[in-house]
Every structure is written in C-alpha cells, then in structure tokens.
Amino acid sequence: MTNLQAKQASKSGAMPGGAHASVTGDVDSNFSDLHPAYSTLQAMAESNRCLYCYDAPCVTACPTSIDIPSFIRKISTGNPDGAAKTILSANIMGGTCARACPTEVLCEQACVRNVSEDVAVEIGSLQRFAVDHLMARDELPHPFKRAAATGKQIAVVGAGPAGLSCAHRAAMLGHDVTVFEAKAKPGGLNEYGLAAYKMTHDFAQREVEFLLGIGGIRIEYGKALGRDITLGALRDGYDAVFVGVGLGSSNNLGLPGEAFDGVDDAISFIEQLRQTEPKSDMPVGHNVIVIGGGNTAIDAAVQAKRLGADEVTLVYRRGAEHMSATEFEQELAKINGVIVRYWAKPIAIKANGKLIGMEFEKTELRDGKLVGTGETFDIRADQILKAIGQKIKTDDLAGMEISGGKIVVDDKYQTTAPGIFAGGDCIKSGEDLTVQSVEDGKQAAIAIDAFLKSA
C-alpha cells in the first residue's frame with residue numbers, strides 16, 4: 001500500500017487488503033464516526049509535527065485562510081480553546097469543515113511535511129480537536145462579541161453554511177439578522193447532504209446552536225423562497241438581503257423510465273438516511289447502481305453498501321483521473337466494497353413490471369471529446385441513485401442575472417439586483433465546498449456592512 005492508501009484505510013476504519021473490513025452485519029455501527037476524534041495525547045503528539053512555517057502554504061490553500069500554524073502552536077502549548085478561537089475567527093463552521101472538508105487536496109496537500117516525510121500533518125483532525133474542546137465547554141460565553149448595535153436589519157435566505165456564516169459575521173458587526181429557511185432544521189447540506197458517518201451525534205445542530213450564541217440572529221423555518229417569501233418583499237422590508245439558497249434541483253439523466261419506482265436522486269437518498277434513526281430502518285436495494293463521479297456519488301454508494309446492499313456499482317462516464325471525487329473518497333468506496341466501473345454512460349433504464357437494471361454504453365475520448373463506442377452491457381439493479389450534479393432554481397430569482405447556472409455577483413458579492421448579495425454554491429466563487437460557502441458568507445457580510453455604512 002502507498003502512504004496515501006494506508007492513511008485512507010486508517011481514516012476509514014478499514015483494514016488494509018480487506019475490501020469489506022469496515023462493513024459489518026450491524027447496520028447502525030457502520031455509521032460510526034469515519035474519523036475518530038483525537039485524544040489530548042494524540043493531539044499533542046501530532047501538533048508537535050508541525051514546522052510552524054512562515055508564510056505557510058497550508059494557509060494559502062485554505063479557502064477561509066485559517067492561521068493554521070498559529071492554532072496548531074496553541075494546541076502544542078496546551079491552549080486548545082485559544083486554538084479554537086483562532087480557527088473560528090476565520091471559519092465559524094470550523095467543526096464541520098474539520099469533519100467534511102477534503103483536507104487531503106487543500107491544506108494537507110500543501111503541508112511541507114509531504115516533502116520531507118510524505119505524510120502531512122493531520123490538520124483536519126487537529127482542527128476538530130480544538131473546536132470540539134471549546135464547544136464542549138458549555139460554561140464559557142460565546143467566543144465573539146457583537147459590535148455596537150447599528151439598527152440595521154439584514155435578511156438571509158437559506159440556513160446553510162453560506163447563510164449561517166453571513167448571519168454570524170453580520171451579527172458580529174452589530175446588525176440584526178433574520179434567516180429564512182425552507183426546511184424544518186438549519187444547516188443546509190451539513191444537516192441534509194453529508195454522509196451520516198462524516199457528521200455523527202447530531203453535530204450539525206450543535207454547531208448551529210453554538211453559532212447562534214452570539215445573539216442577534218433569528219431563524220424562521222418553513223419559509224421557502226417563492227412560496228412564502230419573495231426577494232422583492234425582503235428588499236422592501238430589510239436594509240440588505242443575502243441569498244444563500246445553494247443548488248436546489250438535481251439534474252436528470254433524460255432517459256425514459258426515470259420516474260420509475262426505485263430511481264432516485266442521490267441527494268434525496270442521503271437526506272432521508274441522515275434523518276432516519278436507527279439507520280437500520282432505512283430501506284435499500286439488493287443491487288444498487290449509482291451514476292456519477294463526485295463526492296455525492298461516493299457518499300451514496302458507500303452508505304448503500306453500509307446499509308446492507310448485496311452489490312453496489314458506481315458507474316462514471318470517464319476515467320478515475322477525471323472524477324471530481326477526491327482520491328481519498330474514491331479509495332474509500334473501494335475499501336467499502338463498492339464496484340467502480342469507468343468509461344460508461346447510461347442509455348436505458350430496464351424494467352419488467354419493476355426495476356431490473358440499466359443498460360450502459362462504453363465511452364472513450366476521441367480528439368478530446370467523449371463519445372460512445374457502440375459497445376453495450378447491462379447491470380442488474382433494483383435501485384438507481386443519480387448523482388450527476390445539481391442546478392439552481394431560477395424561478396424565484398427575478399431581477400438577478402444568471403450565467404452558467406449561477407447567480408452573477410461582483411467582487412463584493414452583490415448581485416445585479418441592488419441591495420441583494422449572494423454566496424455559496426449558488427454563485428461561481430470556487431469549488432462547491434462547505435468551506436468555500438463559509439468564506440463566501442463571511443466576505444459577503446463584510447461587504448454588506450460596508451454597503452450599509454455608505455448608504
């Protein structure tokens with residue numbers, strides 16, 4: 001095994017060489033923490049591996065620019081709460097990001113230890129240790145104070161990472177914030193869209209409760225844009241509006257039979273599983289096909305296997321090197337017994353009174369263009385999960401310019417509708433990652449503050 005594979009096997013809880021080692025007969029135990037928390041001794045030992053680089057490349061690689069050497073130094077000197085405040089001052093959702101962020105392609109990939117030892121400092125695990133330590137201390141006040149009240153009212157649409165980050169920073173700056181959330185719980189994809197083994201013990205809700213501790217933020221649930229609220233009404237009733245609606249619709253395959261029972265969106269499958277307790281109550285097919293090549297596809301495939309599916313096949317139209325899922329996630333799928341088929345596209349859904357499988361056509365690149373070869377094969381299935389990307393719902397965004405399926409914003413996160421700002425997955429600011437959404441929300445709040453002061 002390579003060092004990366006060994007690290008992946010260790011993180012996933014699987015044994016090297018055992019494809020099914022992390023999947024047991026006890027379904028609920030299959031959804032225990034993917035990355036077990038560090039003990040104090042482990043955190044001290046790992047923090048002492050950091051070289052505390054000047055102008056550290058890991059900081060540049062972090063979308064929220066956390067001062068990583070500084071917080072790790074504080075852990076090494078026995079000050080985890082100080083480390084947490086350093087993290088949270090840059091990324092108020094540092095607890096979630098420590099669990100779900102692809103650190104292996106961001107800060108840890110940039111770690112200079114990769115050069116000398118081929119093993120990066122476990123920055124994500126250290127970040128989780130510090131933030132969890134602080135959040136567990138209920139007797140402490142919220143680590144940040146609000147500025148003097150400005151009297152300004154800000155509306156935030158969406159209680160996902162971007163919206164919550166914006167709300168927290170705006171509250172810090174002295175504004176009062178009302179967040180409108182369509183669902184019954186806050187957190188967005190942190191609550192509804194991440195694999196259950198990445199966010200255990202209701203952490204998404206505990207993090208929101210912690211974030212709201214700053215005061216000045218009110219959340220109204222069951223308020224959907226276009227159904228219960230409109231941007232026009234919000235703009236008239238508030239001094240500024242932030243839109244963090246994410247990407248609300250899933251892409252379709254465009255095949256006959258797509259509405260057949262057993263064909264579902266991977267996001268819906270993950271959401272249902274996240275809200276099901278115990279996990280053993282969640283139904284799953286015997287033979288499951290997952291279509292896609294991103295982290296959502298991996299999350300759906302691995303969880304289907306851990307729920308007890310006999311066979312799970314992930315099919316992607318290109319090669320492994322083209323997948324948007326990280327190498328860690330791809331290896332995690334294989335360790336968990338997921339069959340991965342590359343260079344194939346779905347061309348038919350097969351049913352005979354009930355779903356029985358899919359037909360695929362093999363693909364290849366010709367002159368840089370993906371084409372079918374004409375050679376086909378079938379895979380049996382009684383459940384198909386689509387993870388081929390999401391798109392924004394544009395019906396409720398009148399007055400805003402939409403380009404390439406994203407809301408257009410300027411360098412201050414302001415949309416083409418005056419007084420309305422946007423951030424997160426619904427704009428094009430970088431990778432569609434929680435950490436990028438947090439940064440968008442933070443920077444948008446700072447821009448809104450400047451906008452209100454200049455009005």
(request) Would you please test Leu365 and Val371 for side chain to side chain contact (heavy atoms under 4.5 Å, CB included) and show each step? (result) CA-CA 6 Å; Leu365 287 176; Val371 297; over 6 Å; no
(request) Specify whether Phe210 and His142 have parallel, tilted or perpendicular ring planes, treating 30° as the upper limit for parallel and 60° as the lower limit for perpendicular. (result)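 The arrangement is tilted - the two ring planes meet at 30° to 60°.
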Interatomic spacing from [atom1] in [X] to [atom2] in [Y] - rounded to 0.5 Å:
X	Y	atom1	atom2	answer
Leu126	Ile68	CG	CD1	10.0 Å
Ile427	Ile402	CD1	CD1	11.5 Å
Ile72	Thr77	CD1	OG1	12.0 Å
Lys279	Leu307	NZ	CG	9.0 Å
Leu370	Thr363	CG	OG1	4.5 Å

Measure across [X] and [Y] and return the closest heavy-atom pair with its distance rounded to 0.1 Å.
X	Y	value
Gly215	Ala171	O-CB, 3.5 Å
Phe242	Ala422	CE1-C, 3.4 Å
Asp228	Gly222	OD2-O, 3.1 Å

Is any side-chain N of the basic residue among [X] and [Y] closer than 4.0 Å to the acidic one's carboxylate O?
X	Y	value
Arg49	Glu46	yes
Glu329	Lys198	yes
Asp432	Lys406	yes
Lys183	Glu181	no
Lys362	Glu364	no
Lys386	Asp264	no

(message) Between Phe421 and Tyr413, is the ring centroid distance below 6.0 Å?
(response)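 So the answer is no for these two rings.
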(message) Please confirm whether the ring centroid of His322 lies under 6.0 Å from the ring centroid of Tyr342.
(response)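 No: the rings miss the under 6.0 Å criterion.
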[X] charged N/C atom sitting above [Y] aromatic ring, 6.0 Å / 45°:
X	Y	result
Arg274	Tyr192	no
Arg218	Phe180	no
Arg306	Tyr197	yes
Arg99	Phe203	yes

(message) What I'd like to find out is whether the side chain of Val340 reaches to under 4.5 Å of the side chain of Gln330, using heavy atoms alone.
(response)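 The answer is no; the side chains never approach within 4.5 Å.
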Answer yes or no: is there a donor N or O on one side and an acceptor on the other, between the side chain of [X] and the main chain of [Y], under 3.5 Å?
X	Y	value
Gln205	Pro186	yes
Asn91	Thr64	no
Glu104	Glu327	no
Lys391	Leu247	no
Asn114	Gln109	yes
Arg128	His35	yes
Gln127	Gly94	yes
Ser32	Ser29	yes

Within 6.0 angstrom of [X] [atom1], more than 12 heavy atoms from elsewhere:
X	atom1	value
Lys393	NZ	no
Glu431	CD	no
Arg380	CZ	no

Does a side chain donor of either [X] or [Y] reach within less than 3.5 Å of an acceptor in the other side chain?
X	Y	result
Gln303	Asp299	no
Thr376	Glu361	no
Lys74	Thr86	yes
Lys185	Gln275	yes
Thr276	Asp281	no

(message) Under the criterion salt bridge (charged side-chain N to carboxylate O under 4.0 Å, His left out), I'd like the reasoning laid out for Asp261 against Lys354: C-alpha separation, chi angles, the key distance, then a yes or no.
(response) CA-CA 8 Å; Asp261 186 38; Lys354 62 180 181 180; over 6 Å; no
(request) In sequence, state the C-alpha distance, the side-chain angles, and the governing distance for Glu439 and Lys442, and then conclude on salt bridge (charged side-chain N to carboxylate O under 4.0 Å, His left out). (result) CA-CA 5 Å; Glu439 178 67 5; Lys442 178 181 73 178; 2.9 Å; yes
